[in-house]
Structures are given as structure tokens and as C-alpha cells.
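Treat the numbers as computed from the prediction; the structure is a model and nothing was measured.
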Amino acid sequence: MSFSVLALRPRPTRNSAQQAHSTVLAKESAQELVDYSASDTRTVLADLTTTANGLRDDQIDNLRRQYGRNDVRHDRPAPAIVQFAQAFKNPFILILVFLALIMVGTDVVWADPEDGPSYEGIITLGLMIFVSVSLRFWQEYRSSRAAEALKAMVTTTVAATRKINNTVVTAEIPIEQLLPGDVVQLAAGDMIPADVRIIRAKDLQVNQSMLSGESMPAEKSAEPSSGIDVDRLLEAENIGFMGTSVVSGSGTAVAVHTGKRTYFGAMTAQLASKRPETSFDVGVRSVSYLLIKFMLIMVPAVFIINGLTKDWSQALLFGVATAVGLTPEMLPLIVTANLAKGALHMSRKKVIVKQINAIQNFGAMDVLCTDKTGTLTEDRIVLGEHLDTAGRKSEDVLRLAAVNSVNQTGLRSLLDDAVIEAAGREVIEEISRLHGLVDEIPFDFKRRRLSVVVDHGDADLIVTKGAVEELLSVCESVELDGVTHQLTPGWLARVDRLVAELNGQGKRVLAVATRVVVDEQRREYSTADEEGMTLVGLLAFLDPPKESAAGAIEALASHGVAVKVVTGDNELVAETVCGKVGIDVGTVVSGAEIEALSDDALDELVQRTTVFAKTDPMQKARIVESLRRVGHTVGFLGDGVNDAPALRAADVGISVDTAADIARESADIILLEKDLGVLEQGVIEGRRTFGNIQKYIKMTASSNFGNVFSVLVASALLPFIPMIPVVLLLQNLIYDLSMLTIPWDRVDDDFLAKPRKWETKSLRRFMVFIGPISSIFDISTFALMWFVFAANSPEHAALFQSGWFIESLISQTLIVHMIRTRKIPFIQSRASLPVLLSTGAACVFALVFPFTSWGHSLGLVSLPWNYFPWLVLTLAAYCVVTQVAKGMFIRRFATWL
């Protein structure tokens, strides 16, 4: 499948000038790539004023000023003034602004001539808007800067060749610093850093699925292409596109387009598509609209009841104040603060969050799929044995393996490092003197082997190292004690027994084979030359299990996360290593078995299988997709190019800072240390973050629901409005400010013990079950003020309103401590110090405010001292009843937060 940049439709919401510019840029860029594809290497280098040795250092500054950063990201933080304006783009803030405009009309424009205009309500509401917007802006501004700093800790680099002080230097530079004309070196696992023209290719295979939709890799060459136009640009065999990745082989390329002029940059500029919503985004939005719908129903009811029984102008003011009281304007701020704090806290635990909303999926994860290398093992490969085909130690086998490892130019693995270390410096130096590199057949995941061709006197020697099964498939003979034998079934069985014995010891086994080629004319070699080879021996590598692995797996299991191992190693090695770290292996399933299964059969298999062996990249992705289909939230931990499909398929892709470029780019979360213990800490922090968000949402929802009942009852029964509108606004502001410390609250261990998913349906029953409790004690306060303190006429309305103000604000604040834990608050579970201080300050304000001149100016009065014993009794009863209701709710629904 291919599609043209020119065929992309600009979004109708974009400015027409921007659309036109984007389309022109896309057309120019595409045509230039077509022209470069048809040109030979010399013409391309000359047009870019560069050479095969790269740019000169005196060209860099001018090119950087001309082309800027090699970056197409659209999620870069906006300028501060834009972020401040965007802070108003929230339904709750817009509701407050609308209510403020209504209050301008009722209190100023159409104010009673005798009383004159009143500004207290407008000022209070304006203060609420300013505080909410300013805090939200500051939190998001600071969070975005912190997120940028965290992302900067995980850099993607490219091997660029430049001419520095007349010396050709190839070094790793940040991908953002790449410029048109730079010459880059490509190897398996690299992400192509710009739109490039290939000038040298050796079995270069590139995955272009992100652009073309084709799952099979495209083979690239350095030869000019003919017959390519802008509609078939992706078919150009000598063009590499930014964001695609090298699957196998190696090559050299020159950067043609960088940044927004790349194919990918032009495409994203026209689409300007938003990142798909996560379940967390959907959950927050659904809660927001639920509360708005609730408010749209209840506020008109309050207004009509008060208007019919009292004065309509007062009823409108009180309806506006009630609407403000029901508006959780701090919800976006609390959510952002929680996520930002979680990301920063996780960074201290060596976990870098690239996508901040991935924190919720991290906490909800109940299955972790991981490779064994580096997570279950030390990732410290040691060559334990180098054996001939009879299972005896052989220095010749070690020497041949070293020839292969030293001369390969692609992505050198830890296995190669182990071979070179075992061979020693003298052997390596001798190999370098005697065996010059003629050619190379790079590793790929289909062949699972790598060959080098070196000088061997008057002939060429092909030395191949790779997976035993794949290497035996191209062997016709076997060597023992200098004698070559036909590879008979008997020999195959003998080799298989030796390999099984080594695998049973937890060792990874590679085979080494050779072939001598006598050819008078030097030529390029390809995979077709890997035939008729002679097996010379085996290499047995040992990667000891990590001491911490068993404890980390047990800890993850105790937190409800099942660990499944998905590895490319064979069944015996996987079973041995997994058994040593305490994983209940059961039946090991191979990639070949998975390949033969339908999706339905795989869905049934993955639920009862713990270890998958000999899996290729697409089989890993199928396993992840299957687990998601059956209802699991899946994390995938991988660090290789072969892990990229599974990382993208997972709910949360997890990689490490030392991973291949494409693996890091595909991941949502980066570990600075490849250790399951680090991962466990990140999971706990994800759940803690989600728990604090849930607290605020349920506190606010239940509190608002209860307040509406109280207001409806008071409106229907009282001959005056139950609360002065401006005081109701102030009460809401004080409560909201006290909630700002929720992100710093503790979360009970039992909440952290298992995965947590967003469940919007449970919020409604929580509101209905818990919310009316506060109404019971509001109504008891109404009765207290009416019958005990005789505040039962419009002349004594101020006394009634003062009494309810204190009880309402303190009870609303106490609900924080009742809801934040399923345990008995203050006794079995105590809030963090910031929460204690903020809620304590709100309670003190409630007690003192009616006695102050400010309170008196707003219409409140000082209360008699005999009111306070009644208050204590009311609040104590409220706490007891809420705790009893909490227990009933937990027993009935088996959940709380």
C-alpha cells in the first residue's frame, strides 16, 4: 500500500494560509525526493554541497540557521501567554465566566437603585476564576517544562560523519542536530533520522510500515531509481524516510530533508492529528460531563423553587452561587498536578515518563510481558564454553568465532563482546593482521545468523555464527579433528544432544560454520552464498540470573501483576532461567506453535501460558494483542528493534535508556535501569497517582450531590434563602484551595496491592450512596438553627446562614478524610501532613470567619458559644454514620476508591 503526501487532506479547522503553505511544502519536498532518487550519488552530494565524508565544520552554523532543528514534534510546549489563555479552555472555568457575567447584570447593571451596585460577589467569583486559571496555568507550565527535562534525559542519537579540522570523524550526535548534507551510518536497530538518499547499502532492510502500512521490510540500495513519481515515492529503493527503522543490514546515507521538510514532517503538518485518547482521558471527560449534566438539572430546580417561594432576583443570585458550588473547577488542575507529581516522583525511581497519561495505564497493568535477557538475567554475557562437534574444548572454534565478531560492522551484541573478551588481545590483533574483511552478510531476524567474508590466502573464507537450528539448515558437513564428515542424521542427533545438554544448564548456544570460496575475481557476497557450509563447533554463553529477579517477580505478583516471558531464545534456555527465578513455567509455547493458531485459539492459550520461546517480532506483538483482547492491561518491556511492534501494541510500552533507537521511540516509559525492581516501584507510583485523582473526583462528586439535596430542602421549607450567595462562593473557594494538597496525600497499601482501572459507572452509585449522608446532617443543622436558636424568620436569616456556613464547610472538609481511605480515618489511616494542614486551615477559617469584620460585611453574624457543643455532636455523628455507610458500601460492592 502506498499513498502520496499530496493526497493528504488538510484538516478543515486549520487556517487556510497554513494549509496552503503546508501543501506547497509537501509538494516541493516530495518532488525533490523524486529528483534525488533518480540522480546518481555524485550529483546528490554536489547538490547538497557535501561529500562522502560529510559536511565541513565551517558549514554547520550557516546550515543550522537556515534549517533549524531536525524536529517535527507538535507537542512542544506553547509559549507561556498561549498556555495561560488555554487554561480558560475548560468547561468548568467557562461556566464560572458565564456566571460572573450574569452576576455583573444582576448586581451592577440591574441593581436595586436604593441599595446601589454590589461588587462583592463579582470580586469573589473573579478571584475564584483567577486563582483556578493561574494555578492551572502554573502547574501545567511547570509540568510541561519538567516533562521536557525528563524527555531530554532520554536522547536519540545518530552516527554522523563530518570533516572536523580536516579530519574525518564519525561520532554520535543528537538527532535534533542533524542537517541536510550530513552523512549518516545506518545499522540494525537504528531509526532513520531524516529523509535520506542511500549512498551505500549492504543487505539493508527498512521497516516502512508506519508510512506505507506494509508489514514486510523494504530492501534499499544505492542505485538511482527510475519511474518514481510523487504518488509512488515510498517505492523508491534508494530513499529512506524519517521515523522508519533499519531491520537488518547496514548502509551509509546522506540527509536530504530534515525537520518539517521531511515526508513525515509534511504529513504530520497537514494532518495535525491529536494523540488518540487514552481510557484515562475518556474517564476524566465523562466525569466532567456527568457533573455538568447534574448541575444543569439541579440548578434550575433550585432557582425555580426559591423564585416561587421568595424573591426572584434573590433566587437568581442564589442559583448562580449554587451553580458555582457545584462546579469542580479545580478538577483539571488536580489531575494535572497528580500526573506531574507522579512523573517527577517516578523519575527519582529511575523511571522516565514520556507520555504523562501513560501513568494510569502503568498502574492498571496486570500483565507484564518481558524478555529474559537483562531483566531476569544479569545481561552480563560470559562465553562459558567453546566446543568442537564432539563437545570438547576447542581454541580453533574460539578463533573462528572471534574472526566473525571482530569483522562485523553492524550492531555488535553482548555475545560478540563476550567472544572478543574470551579470545584475548593477542588473538584479536593476530586476526586483524591476517584476515582482512572482504564483505559481510549482516544479521537479520529471519535468518538469525551473521556472516563475514575474510582473506584466507588465495581464497575467501566465509565464517558464519548464529542460532543452531538456522545455521544447521545451511550446513552440508561437519568437521572434527581436522576431518570433514557428511552431516548425516546421526551427526545431527549428536549435535542436538550436545545442544540440549548445554541448554539444560541455562546456557545459550550458537553454532559456528565455515566455507572456503575460491574465486579469482573479487565480488560481493549475499545470503545466497550461505550454503554448503561446514559446522565446526558450538559456543555456550552464560547469562547468570539476577539475584534481585526472584524477589522482584514475587513483589510484582503480590501487587497483582503477572509476569510472562516472551523471548527469542529456545525453549530449554527459557525454561531453565525462568525456573531459577521462581517463575512457574508450565508448558513452554514456541513461536512456531503461535504462528499456526487462529486469534481465537491464541486468546485461549495466552491466558494459561507463562513462557513463550523462539518468538519473532510479529509473534511478540500478536501475544500482546491477544492478551489485550481478553481484557488484560498489558505492559511490554523490550529494548531491541525486534521489540518495537510489541511496544506499540501494548497498553504501556516500556523500554530502557540503552535500547535501540526505535525501541525507545516506541515506548511510553523509559527505565534508566533494566531491572524488574525498578519497574515495580513505577507501578506502585502509577497506582498512587491514580488513587489520589480518584479521591478528588469522588470527594467532589459526593459532596456536590449532597449539597444539592440540602439546598433543595432548604429552598422548599425556608422563608429566606439558606445561604448568602457571596458567602457560598467564598465557601467553595476555601474548599477548592484545601484540595490542592491532594496530590501529596498518602495512599493505603491495600489500594496499591492490585491493578486499578478507570470505572466511570461506579461513580454514580458512589454519589447516590454517600452523597445524601451530608444532607442528613445539613438538615439536622437547619432544625437546630430553626428550633433551638430560633433563627426561623427573615430577620434572623443571618444567624441561620452563619450556623450552616460553619457546619457545611467543616463537614465538607471532613469528608476528605472519610473518603480518602476505606479504613477508619485518623486511627487506621492518617492523611499526609500537607492534607492535614490544608483541611485544618479550612476548618479554622470556617470557625473564625463569622466572627470577623470581613464576615460581618458579607452578612454573617457572630454565633453564641452554646452553638459549638451542638456542632461537635453533629460532626461526630456525621463521621460515625459515614464510616458505617462506608463499611456497608464496601461489603456490598467490594470496592471503595
Side-chain angles (χ1 to χ4, degrees), residues 112 114-115 118 120-121 301-319 321-322 325 706-732 734-735 772-814 842-881:
D112 189 329
E114 293 184 7
D115 298 331
S118 172
E120 291 91 343
V302 170
F303 168 64
I304 292 170
I305 291 172
N306 277 283
L308 292 173
T309 57
K310 306 164 194 72
D311 179 73
W312 282 102
S313 61
Q314 278 191 318
L316 179 59
L317 283 175
F318 185 65
T322 303
N707 285 344
V708 166
F709 271 108
S710 303
V711 167
L712 285 173
V713 170
S715 300
L717 298 179
L718 298 177
F720 49 82
I721 58 173
M723 183 64 71
I724 303 165
V726 69
V727 173
L728 190 58
L729 295 176
L730 180 64
Q731 176 182 326
N732 190 53
I734 297 301
Y735 172 75
I773 296 174
S774 63
S775 297
I776 295 172
F777 293 94
D778 283 340
I779 294 169
S780 73
T781 301
F782 297 163
L784 174 72
M785 301 309 297
W786 185 275
F787 295 109
V788 177
F789 293 97
N792 48 20
S793 65
E795 294 77 19
H796 298 96
L799 180 62
F800 183 100
Q801 292 158 348
S802 300
W804 188 37
F805 169 79
I806 294 177
E807 184 274 337
S808 179
L809 182 52
I810 295 180
S811 63
Q812 191 176 21
T813 307
L814 277 177
C843 292
V844 170
F845 180 87
L847 291 169
V848 172
F849 185 67
F851 294 88
T852 64
S853 57
W854 182 21
H856 294 165
S857 69
L858 296 182
L860 298 181
V861 296
S862 300
L863 287 152
W865 292 109
N866 59 342
Y867 163 82
F868 292 98
W870 288 101
L871 175 65
V872 171
L873 182 62
T874 300
L875 295 175
Y878 172 68
C879 291
V880 171
V881 171

Only one of Leu863, Thr781, Val848 forms a side chain to side chain contact (heavy atoms under 4.5 Å, CB included) with Ile806, so which one is it?
->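 Result: among Leu863, Thr781, Val848, Leu863 is the only option passing the side chain to side chain contact (heavy atoms under 4.5 Å, CB included) with Ile806.
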
Interatomic distance, Ile734 atom CD1 to Gln812 atom CD [nearest 0.5 angstrom] =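 CD of Gln812 is found 11.0 Å from CD1 of Ile734.
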
Can you tell me how far the CD1 atom of Ile721 sits from the CD atom of Gln801, to the nearest 0.5 Å?
->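 The CD atom of Gln801 is 6.0 Å from CD1 of Ile721, to the nearest 0.5 Å.
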
Side-chain contact test, heavy atoms from C-beta onward, threshold under 4.5 Å: evaluate it for [X] versus [Y] and give yes or no.
X: His856; Y: Ser862; answer: yes
X: Leu871; Y: Ile810; answer: yes
X: Phe777; Y: Leu875; answer: no
X: Leu858; Y: Ile724; answer: no
X: Tyr867; Y: Val788; answer: no

Considering all heavy atoms of both residues, which atom of Ser774 and which atom of Tyr878 are nearest to each other, and what is their separation?
-> CA-CE1, 3.6 Å

Nearest atoms (heavy-atom pairs only) where Ser710 meets Phe782 |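 Heavy-atom minimum between the residues: O-CE1, 3.6 Å.
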
Kindly write out the residues that satisfy side-chain contact (heavy atoms from CB on, under 4.5 Å) with Ile304, not counting sequence neighbours, or none if the list is empty.
->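 Only Leu308 meet the side-chain contact (heavy atoms from CB on, under 4.5 Å) criterion with Ile304.
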
Residues forming a side-chain contact (heavy atoms from CB on, under 4.5 Å) with Ala791, sequence neighbours excluded =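 Only Met785, His796, Leu799, Phe800 meet the side-chain contact (heavy atoms from CB on, under 4.5 Å) criterion with Ala791.
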
Phe789/Asn866 under side chain to side chain contact (heavy atoms under 4.5 Å, CB included): CA gap, chis, key distance, verdict | CA-CA 10 Å; Phe789 293 97; Asn866 59 342; 3.3 Å; yes

Can you tell me if Ser802 uses its side chain to pair, donor with acceptor, with the backbone of Leu860 under 3.5 Å?
-> no

Is there a donor-acceptor pair under 3.5 Å between the side chain of Ser775 and the backbone N or O of Gly706?
-> yes

Could you give me the CA-CA distance, side-chain angles and deciding distance for Leu847 and Phe868, then say whether side chain to side chain contact (heavy atoms under 4.5 Å, CB included) is met?
-> CA-CA 9 Å; Leu847 291 169; Phe868 292 98; 3.8 Å; yes

Specify whether Phe720 and Trp786 have parallel, tilted or perpendicular ring planes, treating 30° as the upper limit for parallel and 60° as the lower limit for perpendicular.
->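 If you compare the ring of Phe720 with that of Trp786, the planes turn out parallel.
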
Check against side chain to side chain donor-acceptor pair (under 3.5 Å), Gln731 and Ser808 | CA-CA 9 Å; Gln731 176 182 326; Ser808 179; 2.9 Å; yes

Could you tell me if the ring centre of Phe851 sits under 6.0 Å from that of Trp865?
-> yes

